[in-house]
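What follows is a single structure, written as structure tokens, with notes after it.
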Amino acid sequence: RKEVEQDPGPFNVPEGATVAFNCTYSNSASQSFFWYRQDCRKEPKLLMSVYSSGNEDGRFTAQLNRASQYISLLIRDSKLSDSATYLCVVRGINYGQNFVFGPGTRLSVLP
Amino acid sequence: GAGVSQSPSNKVTEKGKDVELRCDPISGHTALYWYRQSLGQGLEFLIYFQGNSAPDKSGLPSDRFSAERTGGSVSTLTIQRTQQEDSAVYLCASSLQGNTIYFGEGSWLTVV
């Protein structure tokens, strides 16, 4: 089993749609959780950290369920500019200080 | 500089040649990471440096790959006797005490 797994995608949605990304991780000792965004042929960039109580940043909402080892990202009112690959990222003591990236889910927002 | 700086941005090399890729992390960041990403694939961890500790080399795919970090700052990733399957973008990242990591723009390597 991979350490971090994500929906395989791709997701093709119309502008204005709500889209949800799911991620599971295998190491229960994981400590920190993030969503990164990667545009085509660009480096990954931090979208948002994920906190135990859940957190929101504008149209983006992240949730963490430690018991289920599950992370989610919800994008509301999607824009054309949201088209990218979304990467779930996990860090834990058992990994040393390494950050483990999921394979990513590609999103295309269509006009 | 303000961000992670990598060089060269693009490198085309002949099969069998050695290449060196350089990474200059964000000033003050103690942790430095190298990842590799082949076209259309996910990020593959290669090596991680944290301060003066021994590096975590568990992701290096073969003994043709090595990396150094001098003076706790600049790092060089060396690939010896390059093969076509080494073609990828090599991404360097840095972080402060294991917090959020920030990536450079990558070094795009093509082995012909």
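Nothing here was measured: the structure is a model prediction, and the numbers come from that model. Quick note on labels: first sequence line is chain A, next is B, and so on, each numbered from 1.
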* Asked: Distance-only, no hydrogens or angles: does the Ser62(B) side chain make a donor-acceptor pair with backbone N or O of Arg64(B) under 3.5 Å?
  ->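 At least one qualifying donor-acceptor pair exists.
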* Asked: Hey, which of Ser58(B), Gly42(B), Gly104(B) has the most heavy atom pairs under 4.5 Å with chain A?
  ->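 Most pairs with chain A among the choices: Gly104(B).
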* Between Leu91(B), Leu39(B), Val89(B), Leu43(B), which shows the greatest number of heavy-atom pairs under 4.5 Å with chain A? ->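 The candidate making the most pairs under 4.5 Å is Leu43(B).
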* **Interchain contact, Gln37(B) with chain A, by part (heavy-atom threshold 4.5 Å)** =>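 Side chain only.
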* Salt bridge or not for Lys11(B) and Glu20(B), using N-O below 4.0 Å? ->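 Looking at Glu20(B) together with Lys11(B), the answer is no, because their closest N to O distance does not fall below 4.0 Å.
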* To do: With sequence neighbours left out, write down each residue that passes side-chain hydrogen bond (donor to acceptor under 3.5 Å, both in side chains) with Asp77(A), or none if nothing qualifies.
  =>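 Lys79(A).
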* **Close aromatic pair by centroid cut-off 6.0 Å: Phe99(A) and Phe34(A)** =>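 Yes, ring centres under 6.0 Å apart.
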* Asked: Which members of residues 101-111 of chain A, sorted by number, sit under 4.5 angstrom from chain B on a heavy-atom basis?
  ->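 Listed by number, the contacting residues are Phe101(A), Pro103(A).
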* Can you list the residues that meet the ring-ring contact (aromatic ring centres under 6.0 Å, His included) rule with Phe21(A), with sequence neighbours excluded? ->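 Only Phe11(A), Tyr86(A) meet the ring-ring contact (aromatic ring centres under 6.0 Å, His included) criterion with Phe21(A).
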* To do: Is it possible for you to check whether Arg41(A) lies under 6.0 Å from the centre of the six-membered ring of Trp108(B), through NZ or CZ, and within 45° of that ring's axis?
  =>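 Checked: cation-pi criterion met.
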* **ring-ring contact (aromatic ring centres under 6.0 Å, His included) contacts in which one or both residues fall within residues 69-94 of chain B, not counting sequence neighbours** =>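 The answer is none; no pair qualifies.
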